[in-house]
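Written out below as structure tokens is the structure these notes cover.
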Amino acid sequence: MMLARGLVLAGALACLARPASAHWEFTRWGMTERQVAAAVRNAGTVRTLPPAERRAVPGARMEYRAAGEFRSGPLRLTVAFGFDARNGGLVCVSAQGEAAQAEALRARMERQFGPPQERGRDPVSGTITLGWTQPDEIDMQITPGRPVVILHCARGV
């Protein structure tokens with residue numbers, strides 16, 4: 001009986017130690033373009049893209065339909081928001097920042113989602129690739145002297 005209680009308590013504590021919930025910053029997966037723009041307005045600017053500026057992703061059922069800037073302290077990111085081509089909801093966020101922000105952005109990602117589950121380094125270019133598979137699918141590329149890039153998508157996209 002004591003062992004069973006101990007296991008239940010350990011399981012409950014493990015749940016509390018999980019990384020932050022899924023989604024990107026102030027947005028939530030499934031939002032419309034207008035909802036995304038409203039959610040980000042206190043930390044940047046986002047505009048809905050006119051049809052001529054939208055960009056479909058080949059091989060995926062996603063289209064970038066909103067873009068702008070995200071700011072948090074000294075962090076400045078250019079962001080693009082990808083929406084499901086069938087149901088219209090937000091499914092991915094692509095972000096790019098200056099090379100000098102790479103370490104601060106990496107630290108922010110680890111605070112939010114824990115340590116990356118995947119790590120790699122290209123010996124030729126020096127590119128460091130970090131990947132998270134929980135709670136979302138997140139890829140981060142840091143290449144010396146080049147902008148840092150993140151692709152953050154809802155699971156299963």
Side-chain angles (χ1 to χ4, degrees), residues 14-33 35-49 53-157:
C15 288
L16 293 174
R18 292 183 63 191
S21 63
H23 307 296
W24 186 82
E25 295 296 338
F26 302 110
T27 64
R28 297 292 176 254
W29 303 133
M31 283 182 158
T32 65
E33 292 98 336
Q35 289 171 324
V36 167
V40 178
R41 74 172 164 246
N42 292 329
T45 57
V46 173
R47 69 182 181 95
T48 299
L49 300 174
E53 291 181 39
R54 294 178 179 185
R55 185 171 38 100
V57 177
R61 62 178 210 276
M62 181 180 75
E63 180 179 52
Y64 285 101
R65 297 193 303 232
E69 180 185 65
F70 171 77
R71 298 181 306 270
S72 179
L75 189 63
R76 299 283 183 268
L77 301 174
T78 301
V79 291
F81 298 89
F83 296 84
D84 187 295
R86 287 187 280 178
N87 71 23
L90 178 66
V91 291
C92 284
V93 178
S94 178
Q96 183 176 4
E98 297 290 328
Q101 298 182 68
E103 186 55 31
L105 187 54
R106 183 205 53 77
R108 180 185 183 98
M109 297 298 291
E110 288 193 20
R111 279 192 308 275
Q112 288 179 314
F113 302 107
Q117 288 89 44
E118 301 168 1
R119 294 176 185 266
R121 182 180 185 99
D122 182 294
V124 176
S125 68
T127 298
I128 297 170
T129 304
L130 304 173
W132 289 261
T133 56
Q134 295 292 328
D136 293 325
E137 304 278 340
I138 306 169
D139 293 314
M140 180 176 190
Q141 287 192 337
I142 304 169
T143 302
R146 299 201 45 145
V148 59
V149 178
I150 292 180
L151 180 62
H152 185 156
C153 297
R155 292 204 40 82
V157 174

Original post:
Parallel, tilted or perpendicular for H152 and F113, by the 30°/60° rule?
Top reply: perpendicular
Nearest 0.5 Å please: distance from the [atom1] atom of [X] over to the [atom2] atom of [Y].
{"X": "I150", "Y": "M109", "atom1": "CD1", "atom2": "CE", "result": "4.0 Å"}
{"X": "T78", "Y": "Q96", "atom1": "OG1", "atom2": "CD", "result": "6.0 Å"}
{"X": "I142", "Y": "L130", "atom1": "CD1", "atom2": "CG", "result": "5.0 Å"}
{"X": "S94", "Y": "R55", "atom1": "OG", "atom2": "CZ", "result": "7.0 Å"}
{"X": "L49", "Y": "F83", "atom1": "CG", "atom2": "CZ", "result": "9.0 Å"}
{"X": "R71", "Y": "T45", "atom1": "CZ", "atom2": "OG1", "result": "6.0 Å"}

Practice item. Show your working on side-chain hydrogen bond (donor to acceptor under 3.5 Å, both in side chains) between R108 and S72 and close with a plain yes or no. Key: CA-CA 10 Å; R108 180 185 183 98; S72 179; 3.1 Å; yes
For R54, the salt bridge (Lys or Arg N to Asp or Glu O under 4.0 Å) test, sequence neighbours excluded, returns none
Minimum heavy-atom separation for [X] and [Y], please, with both atom names.
{"X": "G145", "Y": "A99", "result": "C-CB, 4.0 Å"}
{"X": "E33", "Y": "A66", "result": "CG-CB, 4.5 Å"}
{"X": "M31", "Y": "T27", "result": "SD-CA, 3.8 Å"}
{"X": "A154", "Y": "E137", "result": "O-CG, 4.2 Å"}
{"X": "E110", "Y": "P116", "result": "OE2-CD, 3.5 Å"}
{"X": "T143", "Y": "S125", "result": "CG2-O, 4.3 Å"}

Evaluate the criterion side-chain contact (heavy atoms from CB on, under 4.5 Å) for residue pair E25 and V40; output intermediate values, then yes/no.
-> CA-CA 8 Å; E25 295 296 338; V40 178; over 6 Å; no
Under 6.0 Å from the CZ atom of R146, do we count more than 12 heavy atoms belonging to anything else shown? no
Check your understanding: For atom CD of E98, is the number of surrounding heavy atoms from other residues, nucleotides or ligands below 6.0 Å larger than 12?
Key -> no
Under a 3.5 Å distance rule, please check whether [X] uses its side chain to pair with a backbone N or O of [Y] as donor and acceptor.
{"X": "W132", "Y": "G114", "answer": "yes"}
{"X": "D136", "Y": "I138", "answer": "no"}
{"X": "Q101", "Y": "R76", "answer": "yes"}
{"X": "R155", "Y": "T133", "answer": "yes"}
{"X": "R65", "Y": "G88", "answer": "yes"}

Self-check item: Worked check of side-chain contact (heavy atoms from CB on, under 4.5 Å) between D84 and R61
Solution: CA-CA 6 Å; D84 187 295; R61 62 178 210 276; 3.0 Å; yes
Residues passing the ring-ring contact (aromatic ring centres under 6.0 Å, His included) test with F81, sequence neighbours excluded, are W24
Can you tell if the side chain of T129 reaches within under 4.5 Å of the side chain of E118, non-hydrogen atoms only? no
List the steps, then state whether side-chain contact (heavy atoms from CB on, under 4.5 Å) holds for V93 with W29.
CA-CA 10 Å; V93 178; W29 303 133; 4.2 Å; yes
* Asked: For L77 and L105, what are the C-alpha separation, side-chain angles and deciding distance, and is it a side-chain contact (heavy atoms from CB on, under 4.5 Å)?
  -> CA-CA 10 Å; L77 301 174; L105 187 54; 4.0 Å; yes
